[in-house]
Amino acid sequence: MSSRTYRVTVRGMFDQLTEPQRAELLAAAAEHDVFRAEFTEAGNLTYDLAARPFFTFRYLVTATGGADTDLAAEPVSAAADGASAAAAWLAERGYGHKNLRASADGVPEAPLGARARRQARRG
């Protein structure tokens, strides 16, 4: 069984926010600044509501599969997991949204250094 990690980016647009919701998001804007963007398992939200109504969630999604796993389907599944998590987060808080779209990119494994290659050759 192997596992691969994907960076999932979910983009969308806030829609029909109430004034209290807008005020809440604006009050928390510093925590969700693009300069704090990172991919995490729990998800990271960034937006600049004062400029435009768009947002981005960033997730790290780990896909574990056996020998019979379709490698081409894993990124699609990871993107769907990220989109579901983002939609759930927004729904939990009652934030209206539209145009959710997600993409997933594989996180490349770091190449082995000289010491690790020697150890691998030794068994």
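Being a predicted model, the structure only gives us computed values, none of them experimental. Hydrogens, waters and symmetry mates are skipped; everything else that's a heavy atom, side chains included, is used.
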### Arg11 vs Leu100, side-chain contact (heavy atoms from CB on, under 4.5 Å): CA-CA, chis, key distance, verdict
CA-CA 6 Å; Arg11 292 183 172 86; Leu100 276 186; over 6 Å; no
Over all atoms of both residues, closest heavy-atom pair of [X] and [Y]:
{"X": "Gly96", "Y": "Leu17", "answer": "N-CD2, 4.1 Å"}
{"X": "Ala104", "Y": "Pro75", "answer": "CB-O, 3.4 Å"}
{"X": "Arg7", "Y": "Gly106", "answer": "NH2-O, 3.8 Å"}

### Query
Of all residues at least two apart in sequence or in a different chain, which pass the ring pair (Phe, Tyr, Trp, His ring centres under 6.0 Å) check with His32?
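His32 satisfies ring pair (Phe, Tyr, Trp, His ring centres under 6.0 Å) with Tyr47 only.
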Could you list the donor-acceptor pairs under 3.5 angstrom formed by side chains in residues 21-28, with sequence neighbours left out?
residue	atom	partner	partner atom	Å
Gln21	OE1	Thr18	N	2.9
Gln21	OE1	Thr18	OG1	3.3
Gln21	NE2	Gly94	O	2.6
Glu24	OE2	Tyr95	OH	2.9

### Message
Tell me which pairs pass side-chain hydrogen bond (donor to acceptor under 3.5 Å, both in side chains) where either residue lies in residues 34-43, with sequence neighbours left out.
### Response
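Qualifying pairs, neighbours excluded: none.
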### Task
Please collect all side-chain hydrogen bond (donor to acceptor under 3.5 Å, both in side chains) contacts where either partner lies in residues 51-63, sequence neighbours excluded, each pair once.
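For residues 51-63: Thr46-Arg58.
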### Message
Using the rule given for side-chain contact (heavy atoms from CB on, under 4.5 Å), can you reason through Phe55 versus Leu49, listing the C-alpha separation, both sets of side-chain angles and the distance that settles it, and then say yes or no?
### Response
CA-CA 8 Å; Phe55 59 82; Leu49 196 56; over 6 Å; no
### Message
Counting C-beta onward and ignoring hydrogens, is there a side-chain heavy-atom pair between Val8 and Phe57 closer than 4.5 Å?
### Response
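Contact flag for Val8/Phe57 side chains = no.
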### Message
Using the side chain to side chain contact (heavy atoms under 4.5 Å, CB included) criterion, which residues pair with Val76? Sequence neighbours excluded.
### Response
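Applying side chain to side chain contact (heavy atoms under 4.5 Å, CB included) to Val76 gives none.
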### Query
Got a second to check how far Asp105's CG is from Thr9's OG1, nearest 0.5 Å?
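The OG1 atom of Thr9 is 6.5 Å from CG of Asp105, to the nearest 0.5 Å.
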### Query
Between Val107 and Phe39, is there a shared hydrophobic cluster once you connect ILVMFWY residues whose side-chain heavy atoms come closer than 4.5 Å?
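Per the 4.5 Å side-chain linkage, Val107 and Phe39 are co-clustered.
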Show me the side-chain donor-acceptor pairs of residues 83-92 shorter than 3.5 Å, one per line, residues at least two apart or across chains.
residue	atom	partner	partner atom	Å
Ser84	OG	Ala80	O	3.0

